[in-house]
Each structure stands twice: as structure tokens, then as C-alpha cells.
Amino acid sequence: MASDTVATRAGTTVHRRRPSRRAGLTVLAAVLSLISILPVLWMVTSSFKTRATVTDGSLIPREFTFDNFVYVFTEVPFGRYLWNSFLISAVITVAALFFHSMAAYALARLRFPGREKLFGAIFATLLVTAPVVLIPLFLVARELNLLDSYAGLIIPSIFNAFGIFLLRQFYLGLPRELEEAAVIDGCGHWRVYWNIVLPMSRPILSALAIFFFLANWNAFVWPLVATNDQDLTVVQLGIASFQTQYTSNWNYILAAATVAALPMLILFFVFQRQIVESVKTSGLK
């Protein structure tokens with residue numbers, strides 16, 4: 001660590017340490033973390049305020065009440081909205097992990113003509129934003145009679161180039177010796193994938209499961225376009241309609257948003273280690 005040398009009267013020297021660079025980065029990280037978490041903290045605390053005090057700007061409620069949450073679950077079918085979002089997100093996550101891992105294994109380990117071009121075409125879809133394909137996707141779903149159904153909310157969201165790319169990078173870093181030994185023992189590609197590759201992929205699959213579940217839990221545009229059935233309303237559409245109906249009742253809106261955000265916050269804090277490990281082991285810096 002760098003230091004300054006200062007001479008004293010007795011002829012000795014005293015080493016005066018400069019402020020640590022790490023300490024400065026720690027303070028900066030703490031400030032940025034506080035700025036990031038403050039809106040979430042304000043949302044949670046304001047959900048316990050009354051209608052008269054919800055916009056007072058205070059972080060701590062002066063009048064603490066649970067009536068907002070009671071109102072959310074009794075006046076609107078918010079439980080149904082939560083169930084729809086959970087079911088759709090869970091099915092998409094499981095299906096996406098299964099198909100993405102197979103596609104990534106084939107692109108990383110199998111040799112076939114046009115493999116690199118195929119991966120390039122898949123990767124190129126990351127450059128296409130969702131609004132660009134929204135109308136063609138709607139027309140295809142309409143022709144297949146997928147609108148106003150769970151299938152219409154699930155199937156178009158399963159395939160995503162990000163998952164295939166991340167898993168392929170992970171598989172490229174796996175040692176080939178285990179797979180080669182399994183092939184020598186008579187295992188085919190399916191057994192190698194199912195018995196060797198998948199068990200070794202638990203860290204990256206856990207992180208991708210969180211990413212997929214979170215993305216589909218927060219989905220808004222496609223559910224808005226794909227369905228008009230109130231029984232298929234997801235939680236984000238439910239909050240939007242709740243806000244339209246109760247424009248000035250922010251205490252109810254914030255209570256609904258807190259209920260929708262709480263499962264994702266718990267999921268993130270429980271599996272944050274897997275997220276960090278997956279990024280470290282996937283070849284991304």
C-alpha cells in the first residue's frame with residue numbers, strides 16, 4: 001500500500017498511510033446500493049400507510065395499517081393473478097431449461113454441418129428487440145388459435161437466445177475427459193447429456209431458472225396483447241388495471257406492487273450465490 005514518509009525531530013521517520021483505494025470503492029458501492037434499494041424500501045413502507053399519509057414523503061409510516069393488503073385480496077381477484085403468473089413462469093422456466101440445455105449441448109459438443117452458422121443466427125436474435133417481433137408473433141399466435149389461452153402465454157416465451165448462449169459458454173468450459181470416458185463405456189449422446197452434463201450444470205441452471213422466472217413474472221407486453229380473458233390476467237396486468245381503477249389510491253397500488261415484488265426478492269436473496277457462481281463459471285467477466 002502506498003504511503004508518505006514524514007521526518008520527525010528525533011531523526012526517525014513515520015509512515016503515514018494514504019486512504020485506501022478499496023475503502024473508497026466500498027463507500028461508492030454502499031452509496032450506489034443505498035440509492036438502488038431506497039425506492040423498493042419506500043414502496044414497502046408506503047404500502048402500510050393510510051390514504052391520507054401515503055404521499056407525505058416520509059419513509060417511516062406515521063399511521064401503520066394492514067388494511068391496504070386486506071383490500072387488495074378482497075376487492076379484486078389478486079390471488080388469481082398471482083397464481084396465473086406463478087403457473088406461467090414455472091412452466092416456461094422448466095421447459096426453457098430443458099430445451100435450452102439440449103440445444104446448447106448440441107452447439108457446444110456435437111459436430112454437424114452449419115453448426116457455427118446456426119449458433120450465429122441464434123445469437124443474432126439477441127439484437128432484435130421484442131417490439132419488432134410483437135406484431136408477427138401475434139399474427140402467428142392468432143393463426144394457431146393460441147390467443148386467450150395458457151398455451152398462448154407460455155409457448156412463445158419458452159425460446160430465448162440468451163439461455164442457449166450462456167449454457168453453450170458453460171459447456172465449452174467443461175472437461176471433455178468425462179464425456180469421452182462415457183462414450184468409451186458405450187454411452188450415447190443422450191446418456192452423456194442426461195447423466196453427466198446435466199448434473200454438472202446445476203449452478204448455471206439454478207441461475208438461469210431465477211432469470212427466466214423473474215423475467216416471466218414481470219412480463220407485461222405479451223400478456224397484454226395475447227389475452228383479454230380476465231381469468232388469464234397475470235399479476236403485472238392486474239396491478240396496471242388496479243392503478244387505472246384507483247388512480248389516486250396509491251396505498252392500494254403500492255400494497256399490490258409489494259405483494260408482487262416480495263416473492264422475487266425472497267427468491268433472489270436465497271439464490272444469489274448461485275447467480276454469482278454461474279457468471280463466474282460461464283466465461284463471462
Side-chain angles (χ1 to χ4, degrees), residues 83-127 130 150-219 222 263-285:
W83 166 250
N84 287 337
S85 290
F86 174 79
L87 177 64
I88 293 169
S89 301
V91 173
I92 291 175
T93 299
V94 173
L97 291 180
F98 180 67
F99 290 115
H100 289 196
S101 60
M102 286 196 299
Y105 176 73
L107 292 171
R109 287 292 191 254
L110 305 185
R111 296 185 179 276
F112 54 89
R115 184 185 67 171
E116 298 302 325
K117 293 182 180 179
L118 178 60
F119 174 70
I122 295 174
F123 183 77
T125 60
L126 290 173
L127 305 178
Y150 281 114
L153 294 172
I154 292 173
I155 294 176
S157 302
I158 290 177
F159 303 99
N160 188 296
F162 173 74
I164 298 176
F165 167 75
L166 200 64
L167 283 166
R168 177 182 179 272
Q169 296 302 108
F170 179 83
Y171 292 154
L172 289 175
L174 293 179
R176 291 181 175 269
E177 289 76 9
L178 294 175
E179 300 172 50
E180 293 173 353
V183 172
I184 293 175
D185 289 338
C187 294
H189 290 300
W190 174 257
R191 290 190 61 187
V192 171
Y193 159 78
W194 189 259
N195 295 328
I196 297 177
V197 174
L198 275 188
M200 296 175 64
S201 306
R202 289 177 181 174
I204 187 68
L205 291 177
S206 299
L208 277 178
I210 298 172
F211 290 144
F212 290 155
F213 194 92
L214 178 61
N216 290 282
W217 180 272
N218 292 326
W222 178 244
M264 296 300 98
L265 292 175
I266 295 174
L267 190 67
F268 173 77
F269 283 116
V270 171
F271 294 101
Q272 60 179 327
R273 182 177 180 181
Q274 284 81 352
I275 296 176
V276 175
E277 289 298 324
S278 70
V279 175
K280 290 169 57 179
T281 57
S282 63
L284 301 179
K285 302 296 182 182

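The analysis underlying the following values was restricted to heavy atoms, covering all of them including side chains, and did not include hydrogens, waters or symmetry mates. The first residue in the sequence is number 1, and the count goes up from there.
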Closest approach of [X] and [Y], non-hydrogen atoms and distance?
X: Pro175; Y: Glu179; answer: O-OE2, 4.0 Å
X: Ser89; Y: Ser85; answer: OG-O, 2.7 Å
X: Leu174; Y: Arg109; answer: O-NH2, 2.7 Å
X: Ile196; Y: Ala182; answer: CD1-CB, 3.3 Å
X: Ala151; Y: Pro156; answer: O-CD, 3.7 Å

Can you say whether the rings of [X] and [Y] are parallel (under 30°), tilted (30 to 60°) or perpendicular (over 60°)?
X: Phe99; Y: Phe159; value: tilted
X: Phe165; Y: Phe123; value: tilted
X: Trp190; Y: Phe98; value: perpendicular

So do [Y] and [X] actually touch side chain to side chain, heavy atoms under 4.5 Å?
X: Phe212; Y: Ser157; value: no
X: Pro263; Y: Trp217; value: yes
X: Leu208; Y: Phe162; value: yes
X: Leu198; Y: Leu205; value: yes

For His100 and Ile158, indicate whether the former's side chain and the latter's backbone hold a donor-acceptor pair under 3.5 Å.
-> yes
Just how far is it from atom [atom1] of [X] to atom [atom2] of [Y], taken to the nearest 0.5 Å?
X: Ile155; Y: Tyr150; atom1: CD1; atom2: OH; result: 14.5 Å
X: Leu153; Y: Asn84; atom1: CG; atom2: CG; result: 8.5 Å
X: Leu97; Y: Ser201; atom1: CG; atom2: OG; result: 10.5 Å
X: Thr93; Y: Ile210; atom1: OG1; atom2: CD1; result: 10.0 Å
X: Glu177; Y: Ile184; atom1: CD; atom2: CD1; result: 10.5 Å
X: Met200; Y: Tyr171; atom1: CE; atom2: OH; result: 10.0 Å

Asn216, Ile88, Leu87 screened by side-chain contact (heavy atoms from CB on, under 4.5 Å) with Ile154, the one that passes = Ile88
Check against side chain to side chain contact (heavy atoms under 4.5 Å, CB included), Phe112 and Leu107 = CA-CA 9 Å; Phe112 54 89; Leu107 292 171; 4.2 Å; yes
Counting only heavy atoms not in Arg115, do more than 12 sit closer than 6.0 Å to its CZ atom?
-> yes
